[in-house]
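Structure first, commentary second.
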Amino acid sequence: MAKSSIKVRAKAKNGVVTVKALISHKMETGLRKDKKTGKVIPAHFIEAVDCEHNGAPVMNAEWGVAISKNPYLSFKFSGASGDTVKLTWKDNKGKSDSLEAKVK
Amino acid sequence: MMQRRHFLKNTMATGAIALAASSGLLVPLQVLAWNKKAFDAKDVQSAMKGSLGTELTEASDKIHIKAPDIAENGAVVPVTISSTLSDVKSITILSEKNGTPLIAKFNLKGAQAFVSTRIKMGKTSNVIAICESGGKFYSARKEVKVTIGGCGG
């Protein structure tokens, strides 16, 4: 199995789940130039991130090119240990990936 | 003869669709997709209008922006936004002097008013956080000094 592009850590404390996620993505702005050819590198970035808690949407993010390379994302919601968290991202070239994790 | 008639019909039909798209009649379709208009906007006002539907926000001290005073590398500026406002529906992050100011919008569906991420900043400017609560928009800003820009390069 190919390694997922997403790393998720979710922890429950006092009924609040804190999710920390890292996505590996180059987040190209479309403004940079290739140093060798002088051509502009086309934009390639994550447009949308959806987060589900036990199968129900809890947060969705719309991102622009100004999110850093290999994006980090953290958010909180009320939940408990043993719940599931699912993250899905989609980029402007139609590529996507998702990962489901259990809350610790 | 038939073929010619078909051809005319087809061109007219596609022409109508193109016209509808350009005049904005197909807006519902565009809304479902990525909000290109808002993210491509070159100034804060039009970015806010495109993303939130309004450019009027109320300054609030109930929004807390945690970001460095000085960012050495504009390509990676950690930003954390939290708010004590009740029932926050969305959190929007903008960087005032970026080529395209809108950075991200987080639509919260039950999640708490807290997001943390890393953003790119072209140069020293204000980071603006806007929270939507009870149909109103509240904003807060914080200046971040950038020594090396993170856009282009």
NZ (B:Lys142) with more than 12 external heavy atoms under 6.0 Å: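 Enclosed.
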
Please indicate whether A:Lys93 has more than 12 foreign heavy atoms, meaning atoms of other residues, nucleotides or ligands, lying under 6.0 Å from its NZ. yes

Indicate if A:Val65 and A:Tyr72 have the same hydrophobic cluster label, given that clusters are the connected sets of ILVMFWY residues with side-chain heavy-atom separations under 4.5 angstrom. no

Verify same cluster id: A:Val8, B:Phe114 (apolar side-chain graph, 4.5 Å):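 No.
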
Report which part of [X] has an atom under 4.5 Å of a heavy atom belonging to chain B: side chain, backbone, both, or neither.
{"X": "A:Leu22", "value": "side chain"}
{"X": "A:Lys90", "value": "neither"}
{"X": "A:Val16", "value": "side chain"}

Is the backbone N or O of B:Val115 less than 3.5 Å from a side-chain atom of A:Ser74, with the two atoms forming a donor-acceptor pair by type?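 Answer holds: no.
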
When you measure from the side chain of A:Ser68 to the backbone N and O of B:Ala75, does any donor-acceptor pair fall under 3.5 Å?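 Checked: pair present.
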
Examine whether an atom of B:Val79 lies under 4.5 Å from a heavy atom of chain A, and if so say whether it belongs to the side chain, the backbone or both; otherwise answer neither. neither

Look up atom [atom1] in [X] and atom [atom2] in [Y], then write down how far apart they are to the nearest 0.5 Å.
{"X": "B:Arg118", "Y": "A:Asn70", "atom1": "CZ", "atom2": "CG", "answer": "7.5 Å"}
{"X": "B:Ile103", "Y": "A:Ile67", "atom1": "CD1", "atom2": "CD1", "answer": "6.5 Å"}
{"X": "A:Met27", "Y": "B:Ile119", "atom1": "CE", "atom2": "CD1", "answer": "11.5 Å"}

Tell me, out of A:Gly64, A:Pro71, A:Ala56, who's got the most heavy-atom pairs with chain B below 4.5 Å.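 That would be A:Gly64.
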
Close contacts, residues 104-113 of chain B versus chain A, judged by heavy atoms under 4.5 Å: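 Those residues of residues 104-113 of chain B which have a heavy atom under 4.5 Å from chain A are B:Ala104, B:Lys105, B:Phe106, B:Asn107, B:Leu108, B:Lys109, B:Gly110, B:Ala111, B:Gln112.
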
Compare every heavy atom of A:Thr29 with every heavy atom of B:Lys120, then report the nearest pair and how far apart it is.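 Distance-wise, the nearest heavy atoms are NZ-CG2, 3.4 Å.
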
Heavy-atom side-chain proximity of B:Ser116 to A:Phe75 below 4.5 angstrom: no

